[in-house]
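Each chain gets a letter, A, B and so on, in the order its sequence line appears, and its residues count up from 1.
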2 protein chains.
Amino acid sequence: MSGPAQRRITIKEVAEAAGVGVATVSRVLSGGSASAETREKVLAAAARLDYRPSALGRNLRRQRTGGIGLLVPDITDSFYARLTDGVLSCARSYGEPVTVGVTGDDPEREAELIGTLIEQSMDRLIAVPSGDGEMWAPALRAGLNVVFADRRVRADVPSVVPDDRAGVLTAVEYLAGLGHRKIAYLGRHGQSQRVAAFSAAIASLGLPADRDLVVHARSSRDSAYAAAAGLLQHRPDVTAVIAGGNVLGEAAVLAARELDVRIPRDVSLIMFDDVPWAELCSPPLTVIAQPAQDIGYRAAELVLRQGRRPPTVTLPTQLVVRASCGPKVSVPRR
Amino acid sequence: MSGPAQRRITIKEVAEAAGVGVATVSRVLSGGSASAETREKVLAAAARLDYRPSALGRNLRRQRTGGIGLLVPDITDSFYARLTDGVLSCARSYGEPVTVGVTGDDPEREAELIGTLIEQSMDRLIAVPSGDGEMWAPALRAGLNVVFADRRVRADVPSVVPDDRAGVLTAVEYLAGLGHRKIAYLGRHGQSQRVAAFSAAIASLGLPADRDLVVHARSSRDSAYAAAAGLLQHRPDVTAVIAGGNVLGEAAVLAARELDVRIPRDVSLIMFDDVPWAELCSPPLTVIAQPAQDIGYRAAELVLRQGRRPPTVTLPTQLVVRASCGPKVSVPRR
DNA sequence: ACCACTCATGGAAACGATTCCATCATGATT
DNA sequence: AATCATGATGGAATCGTTTCCATGAGTGGT
């Protein structure tokens with residue numbers, strides 16, 4: 001099927017064809033100094049032979065692999081897909097390849113993937129961290145150039161995150177303004193920042209604190225559905241739910257339908273992350289939009305442009321009001 | 001910030017620590033023959049020093065980079081995100097890293113990305129091809145091990161594709177059974193297979209052929225919306241639309257709303273690719289489900305397991321009836 | 001007791017690039 | 001005219017691994 005796998009042109013052959021030494025070829029091709037005459041000869045020979053320098057040789061000598069590693073919990077989640085798109089978009093303009101891994105929010109899998117990346121001598125990594133900060137100590141000690149995206153678990157690693165505090169506060173204030181007092185937060189693991197912001201917001205508005213009002217799911221759709229259904233079923237007193245991501249939001253809508261809980265009549269719903277279908281949904285979902293693509297792009301910039309790196313870049317979120325929130329019902333459901 | 005970038009342990013140091021030669025270490029670690037005694041010494045030394053072989057050195061020597069390249073048109077599109085997930089899932093079980101690039105369905109960008117991959121000596125590639133078959137000749141000649149996914153543009157390259165013919169036929173038959181005769185296909189570039197299948201299905205059912213009933217969009221959401229709006233606006237006689245992907249379907253629903261065309265009363269809609277939100281949509285969308293994840297998984301298997309490779313794997317699609325199709329209206333719109 | 005044969009073992013070459021360093025030519029300065 | 005500075009150039013070392021090949025030890029057979 002495939003041909004005789006034609007051998008690759010090496011720098012030695014180019015040198016021979018141009019009648020110069022390999023060192024000169026290398027210099028010309030990587031912008032070193034050379035006389036106009038030899039430069040031309042080398043360039044001509046390289047073009048004629050269609051020479052492509054092998055990244056393998058270069059990387060071995062340079063002791064580092066170009067390219068970026070990217071670790072996301074779930075590429076199927078629109079938020080992380082867009083984040084990935086941002087990374088790829090920035091990396092492309094630098095001509096850097098990106099190696100993607102999905103962690104499923106499992107610290108063990110994450111560690112395994114980091115291991116693979118280190119084995120490849122990859123020295124730049126963008127990650128949506130699953131585990132706690134401790135886990136990253138060995139990777140950092142190995143000289144890995146890490147940037148966190150979406151979540152921040154260590155102060156000594158540059159991070160690009162959405163403004164969770166403001167986003168949560170906006171959502172809670174909006175719901176409180178509608179008269180809601182029992183507001184639940186439906187989140188996934190790894191959102192400690194947001195849960196903290198949620199509790200703070202609840203407290204600052206003088207609403208009743210209740211630890212059971214934050215529910216956690218794992219990263220699968222099944223787990224999200226179970227968490228949403230559990231919340232709606234066991235807490236008929238909550239009148240508003242904040243879903244901490246589009247998968248959670250989707251699960252909440254589905255669970256509400258199944259349980260015959262109407263949105264927004266019976267319970268109001270705000271979803272983190274604006275996705276195209278939020279508008280198509282019935283009812284159209286009120287959301288806190290997050291700049292997923294920007295987060296990825298900025299993280300890639302940070303990891304590619306070494307040097308002065310701000311500890312944390314925080315990107316604004318935005319409340320988009322549609323039709324999934326209404327005034328508090330006067331009598332509790334059921 | 002980052003520490004003194006501790007130097008990497010090399011095989012030479014392990015050999016020294018174990019009191020053997022480097023060749024022996026290499027043999028032990030890659031499963032060659034060695035006496036039980038030395039094997040143990042080597043393993044102990046490697047463990048003690050936390051030795052990780054450098055993929056760089058290995059790859060240079062072996063003249064090939066492990067890992068898989070993956071080229072998709074748009075990672076933001078749920079279909080390709082799921083396909084990617086399938087590839088990653090299979091690759092993970094082999095411990096192979098995956099390098100992802102997005103082509104935007106632009107043959108030029110695609111060629112550029114292939115170049116980058118070849119530069120990395122990557123020799124395995126899974127691609128959703130954007131251009132025509134010709135484009136791939138150089139890559140194949142370079143000894144690249146290619147598998148196509150989702151689309152098949154060359155007979156001499158193994159491909160994993162959904163059963164477009166059956167899927168389209170099912171959709172057209174379903175709509176015809178509802179009484180529709182003017183059925184439009186809203187597709188994107190690169191779907192020549194499906195367009196051919198569409199024309200064949202129309203013909204086989206004795207429906208009027210009309211070339212203008214297939215409309216093409218580029219891969220952006222804007223382009224999809226424009227195409228959908230154009231179709232609905234200029235062809236009030238079509239009573240049913242088949243959208244060739246979830247982005248197109250989304251655009252069709254949006255455009256229909258904007259133009260006050262009601263689904264399914266005014267026009268019926270079938271969307272290719274089942275996505276979670278299809279059920280949440282108003283109305284819930286009737287779809288032709290495609291096994292996106294499976295396509296990716298199978299393609300990865302094919303590219304990883306060399307040897308006997310079937311020319312084409314075709315995976316079944318499935319009609320999922322929801323609420324976006326109705327009987328043909330008796331009077332044309334407007 | 002000698003030969004043939006197997007098997008573990010380590011030295012060294014190879015992969016393809018970059019880069020240090022020595023060499024040589026040329027032009028400028030004393 | 002001799003010396004020095006400058007700059008272009010090519011040989012060779014280097015990166016970390018795998019693998020070829022030679023060596024030596026040990027075993028069994030005649």
Side-chain angles (χ1 to χ4, degrees), chain A residues 5-43 45-46 49-67 95 116-123 142-143, chain B residues 5-43 45-46 49-67 116 118-123 142-143:
Chain A
Q6 90 193 350
R7 214 176 40 70
R8 187 184 187 111
I9 305 289
T10 74
I11 197 173
K12 200 172 161 189
E13 297 169 273
V14 176
E16 211 161 309
V20 299
V22 290
T24 305
V25 176
S26 174
R27 263 188 305 255
V28 169
L29 262 31
S30 50
S33 66
S35 74
E37 189 192 4
T38 37
R39 158 163 289 119
E40 199 173 336
K41 274 195 303 189
V42 169
L43 256 26
L49 298 178
D50 189 32
Y51 167 69
R52 309 280 193 108
S54 152
L56 249 43
R58 185 199 341 266
N59 292 340
L60 177 57
R61 173 61 216 240
R62 291 230 184 113
Q63 287 292 75
R64 61 195 204 79
T65 297
T116 310
L117 257 24
I118 290 186
E119 215 161 86
Q120 309 287 325
S121 300
M122 203 149 281
D123 56 354
Chain B
Q6 91 193 351
R7 215 175 41 68
R8 186 183 189 111
I9 304 290
T10 74
I11 198 175
K12 200 172 161 190
E13 297 168 275
V14 176
E16 210 161 309
V20 299
V22 290
T24 304
V25 176
S26 174
R27 261 189 306 257
V28 169
L29 262 31
S30 48
S33 67
S35 75
E37 188 192 3
T38 39
R39 157 164 290 120
E40 199 173 336
K41 275 194 303 185
V42 170
L43 256 26
L49 297 178
D50 188 31
Y51 167 67
R52 309 281 192 107
S54 154
L56 249 42
R58 181 195 348 261
N59 292 340
L60 177 57
R61 173 61 217 239
R62 291 226 183 117
Q63 287 292 73
R64 60 194 204 81
T65 299
T116 309
I118 290 186
E119 216 161 86
Q120 308 287 324
S121 300
M122 202 148 283
D123 57 354

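Note that CG of L56(A) is 12.0 Å distant from CZ of R62(B), once rounded to the nearest 0.5 Å.
Taking every heavy atom of both residues into account, N59(B) and Q120(A) meet most closely at ND2-OE1, 4.4 Å. Of all the heavy atoms in G67(A) and M122(A), the pair that sits closest is O-CG, 4.1 Å. Summarising the geometry of R8(A) relative to S54(A), their closest heavy-atom pair is NH2-CA, 3.5 Å, with the distance given to 0.1 Å.
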Name each donor-acceptor pair under 3.5 Å that joins a side chain in residues 13-29 of chain B to protein atoms two or more places apart or in another chain, with its distance.
unit_1, atom_1, unit_2, atom_2, d
E13(B), OE1, T10(B), N, 2.8
E13(B), OE1, T10(B), OG1, 3.4
E13(B), OE2, R7(B), NH2, 3.1

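Atom NZ of K41(B) is separated from atom C1' of dA8(C) by 12 Å (rounded to the nearest Å).
In the helix from dA1(C)-dT30(D) to dT30(C)-dA1(D), the end axes, each obtained as the rotation axis mapping the C1' atoms of four pairs onto the next four within a five-pair block, lie 60° apart to the nearest 10 degrees.
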Each nucleotide in nucleotides 6-19 of chain D should get exactly one letter: B, S or -. Can you fill that in based on protein heavy atoms under 4.0 Å? --SBBBBBBBBBBB

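Taking the side-chain hydrogen bond (donor to acceptor under 3.5 Å, both in side chains) definition, one finds that T38(A) meets it with S35(A), sequence neighbours left out. Residues meeting the salt bridge (charged side-chain N to carboxylate O under 4.0 Å, His left out) test with R61(A), sequence neighbours left out: none. Under the salt bridge (charged side-chain N to carboxylate O under 4.0 Å, His left out) criterion, R52(B) pairs with D50(B), sequence neighbours left out.
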